[in-house]
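The structure under discussion appears below in the form of structure tokens.
What you are looking at is a predicted structure, and each value in this text was computed from that prediction instead of being measured. Naming: A, B, ... by sequence-line order, numbering from 1 per chain.
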There are 2 protein chains.
Amino acid sequence: MVRASEARTSRQEQVEQRRAELLEAAKQVVLERGLSHTRVADVAAATRVSGGLIHYHFATKDVLLTEMLRTEAERDIAKARRLATGTGNPLARLDRVMREFVPSSRNDQTWVLWIDAWGAGLRDETLRTISEELDAAWNEMLFIVISDGVASGDFTTTDPRGVADRISALLDGLGLRVTLQRPGISRKQMQEHARVIAELELGLAPGSLADAAT
Amino acid sequence: MVRASEARTSRQEQVEQRRAELLEAAKQVVLERGLSHTRVADVAAATRVSGGLIHYHFATKDVLLTEMLRTEAERDIAKARRLATGTGNPLARLDRVMREFVPSSRNDQTWVLWIDAWGAGLRDETLRTISEELDAAWNEMLFIVISDGVASGDFTTTDPRGVADRISALLDGLGLRVTLQRPGISRKQMQEHARVIAELELGLAPGSLADAAT
DNA sequence: ACAACTTCACTGAATATTCAGTCAGTGGGC
DNA sequence: GCCCACTGACTGAATATTCAGTGAAGTTGT
């Protein structure tokens with residue numbers, strides 16, 4: 001019978017949805033409690049589901065958390081690609097990518113998650129690889145935008161790869177400070193620092209990037 | 001009796017020494033297992049001491065680990081001050097401070113410890129403050145060296161504070177990458193990136209900082 | 001179309017383990 | 001004789017994982 005494949009939600013789709021729901025709940029719990037203090041029971045409670053169900057879908061807690069991070073990384077990578085390859089001249093695209101790096105708030109979900117993951121990655125090969133791929137993707141997007149700008153004559157540099165490396169490292173360092181609420185560094189200042197470095201590195205007149213935004 | 005104060009090791013000194021020994025052991029365990037996976041029993045075993053003794057000297061595990069991080073931070077801060085205020089012209093001192101930032105190996109103890117602490121600091125006010133003070137100290141040292149250089153005419157910038165902020169954020173981002181063993185970033189490249197940015201920011205001719213080292 | 005059968009997502013309680021923290025006791029040095 | 005650093009067995013709580021059982025959804029045979 002063909003009925004099953006027509007159904008709005010086949011069994012397989014329901015399982016898929018439940019897994020996604022559990023991953024999302026896991027993410028929320030991790031944001032609140034941190035990777036290492038997240039309990040399986042928390043995820044179950046957040047989903048209003050029995051503890052056993054978590055293990056029905058994910059062999060172990062580690063698998064659950066790793067999958068969650070993998071999913072998030074993929075989402076972020078897709079976003080990075082979208083921003084870098086979107087419309088606009090290189091100036092506008094660079095501005096867009098750099099803005100996206102700035103934590104949206106004191107406890108930007110993405111940043112909290114990845115700062116946590118950096119620590120876990122020190123001892124977990126798999127997690128290290130996941131955060132590395134995310135890292136590499138952002139780096140690559142910066143590189144592409146910068147290369148395009150050099151090709152179009154908007155930017156001037158002899159080492160686009162190096163510039164991309166430095167800008168993305170700078171942004172990580174700044175994002176970390178903003179997320180950890182270091183005194184004297186606001187989102188606005190982070191934005192400003194990024195602009196200054198990019199202008200210096202790419203031979204732009206001071207303010208060109210600020211103008212690009214408008 | 002005055003004897004006690006003469007003795008090579010008074011009781012108080014012995015306690016002091018034991019505490020230091022436990023803190024050092026705690027550090028080693030944390031480096032191996034990570035902050036969140038460190039067990040009291042590990043620290044006891046590493047010191048060849050009973051589990052009870054840990055709690056004799058430190059009320060709780062959290063106190064032990066927090067004290068350990070505080071101690072390490074103080075040591076690092078002292079080192080930063082020594083480097084920044086030592087002999088040499090601003091160029092040499094800047095070079096010295098920036099070099100010290102570079103992880104000494106793939107698993108530089110200091111870096112591993114603080115990357116871990118960043119994560120923990122997301123949810124622990126005390127830890128956040130400790131790493132913040134360390135951060136602030138390095139930042140301040142960079143600022144002092146840069147200001148001195150501007151005063152002496154070696155460096156050119158209108159915003160020494162901003163330059164210090166950007167260089168220290170860049171160094172954090174780079175150190176993180178080196179410590180997490182990101183492909184395509186070696187200690188040498190980190191050194192190079194830092195040099196390039198500093199030269200750009202401080203109006204130095206390319207290579208000036210490399211020469212300063214010799 | 002219906003009954004019998006199978007599958008499987010899910011529950012909730014049991015299990016097993018891991019650890020931080022406690023405490024009664026010990027012994028060496030002042 | 002008294003401190004007090006130290007031991008090590010013990011407790012109790014936390015919590016990942018297992019598992020027997022349940023019922024609804026889906027399938028098969030007639």
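In this structure, of C:dC10, D:dT17, C:dG21, it is C:dC10 that holds the atom nearest to the side chain of A:H57. Of the candidates C:dC10, D:dT18, C:dG21, the closest approach to any side-chain atom of A:H55 belongs to D:dT18.
Atom-to-atom, CZ of A:R18 to C1' of C:dT11 comes out at 12 Å; the value is rounded to the nearest Å. Atom NZ in B:K61 sits roughly 14 Å away from atom P in C:dT22 (whole-Å rounding). Atom CG of B:L35 is separated from atom P of C:dA20 by 13 Å (rounded to the nearest Å). One atom, CG of A:L53, and another, P of D:dA16, lie 15 Å apart when rounded to the nearest Å. One can place CD of B:Q14 at 14 Å from P of C:dG28, the figure rounded to the nearest angstrom. Here C:dC23 presents its P atom at 18 Å from CD1 of B:I54, a figure rounded to the nearest Å. As a whole-Å value, the separation of B:R19 CZ from D:dC6 P is 12 Å.
Between A:R195 and A:D95 no salt bridge is recorded (no basic side-chain N to carboxylate O distance below 4.0 Å). Ion pairing between A:E67 and A:R19 holds under the 4.0 Å rule for side-chain N and carboxylate O.
The minimum heavy-atom distance linking A:A117 with A:L69 is given by the pair CB-CD1, 4.4 Å. The shortest heavy-atom contact between B:S131 and A:R182 is OG-NH2, 3.0 Å. Across every non-hydrogen atom of B:L53 and B:R18, the tightest pair is CD2-NH1, 3.2 Å.
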Identify each donor-acceptor pair in which a side-chain atom of residues 76-88 of chain A lies under 3.5 Å from a protein atom, sequence neighbours left out, and give them as a table.
from: A:D76; atom 1: OD2; to: A:W114; atom 2: NE1; distance (Å): 3.2
from: A:K79; atom 1: NZ; to: A:E100; atom 2: OE2; distance (Å): 3.0
from: A:T85; atom 1: OG1; to: A:R81; atom 2: O; distance (Å): 2.7

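Using a 4.0 Å cut-off on heavy atoms, the residues of residues 36-50 of chain B that approach DNA chain D are B:V49, B:S50, listed by number.
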